[in-house]
Amino acid sequence: EGEEPERLYFDGPNPDQPQVVQRWSPDGRLVGQLGVCSGSTSHWLPDKGTALWATDVAIDGDVVYTLDRDLLQRRSGPLPDWSYWAGADAPIGQRSHLVAVAADAGHVALLDAGARSVTLLGGDGAVAHRWPLVCEGDCGVPSDIALSGAHLFVAEGSAARVRRYALDGAPTGAWSTHMTPWRIGAGPDGDLVVLGRDGWAAAYDVAGRLAGAWPLPDRAARAVDVA
């Protein structure tokens, strides 16, 4: 009874989405893509007129995580399974600003540069651990996060350093890098690849020992991430 609500349908592989996340095969074939919504359609946004672009992405098997400065979304299909707003857990007086996400073995880790903290969530979106980034002496600005099994790594770009933690936030090591660590990526055994800002990359084992370093194919190009 009554009139049907107006419905609007879009046709095409990428209907009215401001951005997409694409999945490619190792030989360069486009396997699939997801439309990623942002901007005033989200009721989480403090500024309804500001479009928030996804700044980082992580995968764990077939699950895709997208991140903007306020919101993490988990997708196992076209629509988000759940979203997490870090601002709800930020301490009073601190403004959450998410800068990086990493995922592995059913966990997803968020680096919050605004609140200087790390949040670890399970695949169901429940917070498993949340801990502040504290250090003695020179505290570098965190620039990226990586996750591998029981190891969590935080790059400090301004201090040319990587810190290693247990999943509950207990410090387990730290070492200086041979370049400014812009982005980092962890392998299955805890090995770490560091992408520098100067056109070089380096590999370290889980203990922080240098395993190798090499120049990027085009050192003039601006590489933006490594995984």
Side-chain angles (χ1 to χ4, degrees), residues 55-61 63 65 67 72 74 84 86 89-91 94 96-198 200-214 223 225-227:
T55 55
D56 202 6
V57 62
I59 62 170
D60 186 11
V63 174
Y65 294 94
L67 186 78
L72 170 73
R74 179 190 193 269
Y84 172 72
D89 294 326
Q94 293 186 354
S96 174
H97 188 114
L98 303 177
V99 296
V101 59
D104 184 55
H107 290 103
V108 55
L110 302 178
L111 177 60
D112 191 333
R116 282 196 63 86
S117 66
V118 170
T119 301
L120 187 76
L121 300 96
D124 59 356
V127 175
H129 301 285
R130 188 178 189 278
W131 35 273
L133 290 170
V134 296
C135 56
E136 298 178 359
D138 178 26
C139 295
V141 177
S143 58
D144 202 9
I145 193 170
L147 186 61
S148 177
H151 304 291
L152 190 149
F153 304 88
V154 174
E156 295 181 342
S158 63
R161 181 171 51 222
V162 169
R163 296 183 184 272
R164 189 181 67 236
Y165 300 88
L167 298 186
D168 63 359
T172 58
W175 65 88
S176 297
T177 56
H178 295 73
M179 62 194 70
T180 301
W182 169 233
R183 293 288 185 259
I184 56 175
D189 297 324
D191 298 337
L192 198 69
V193 175
V194 174
L195 177 65
R197 287 183 176 272
D198 53 359
W200 280 78
Y204 297 85
D205 66 16
V206 70
R209 293 182 292 262
L210 181 67
W214 59 94
D225 209 347
V226 64

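Remember, it's a predicted structure, so these values are computed and weren't measured experimentally. For the single chain, residues carry numbers from 1 onward in sequence order.
- Distance check, rounded to the nearest 0.5 Å: CG of D144 to CD of E156 gives 12.5 Å.
- Put simply, the side chain of L133 reaches to within 4.5 Å of the side chain of Y165, judged on heavy atoms.
- With hydrogens and angles ignored, the 3.5 Å screen pairs no side-chain donor or acceptor of D189 with any backbone N or O of D191.
- How far CD1 of I145 is from CD1 of I184: 7.5 Å, rounded to the nearest 0.5 Å.
- Counting heavy atoms from C-beta on, the side chains of Y84 and L121 come closer than 4.5 Å.
- Listed by chain and residue number, nothing satisfies the ring pair (Phe, Tyr, Trp, His ring centres under 6.0 Å) test with F153 (two or more places apart in sequence, or in another chain).
- Atom CZ in R74 sits 8.5 Å away from atom CG in D124 (nearest 0.5 Å).
- Contact annotation: the side chain of P171 never approaches that of R163 to less than 4.5 Å [non-hydrogen atoms, C-beta and beyond].
- Side chains of H178 and V194 form no contact here, defined as non-hydrogen atoms less than 4.5 Å apart.
- Side-chain contact check for L111 versus L98: every heavy-atom pair is 4.5 Å or farther apart.
- Rounding to the nearest 0.5 Å gives a distance of 7.0 Å between NE2 of H97 and OG1 of T55.
- Using a 4.5 Å heavy-atom cutoff, the side chains of T119 and V127 are in contact.
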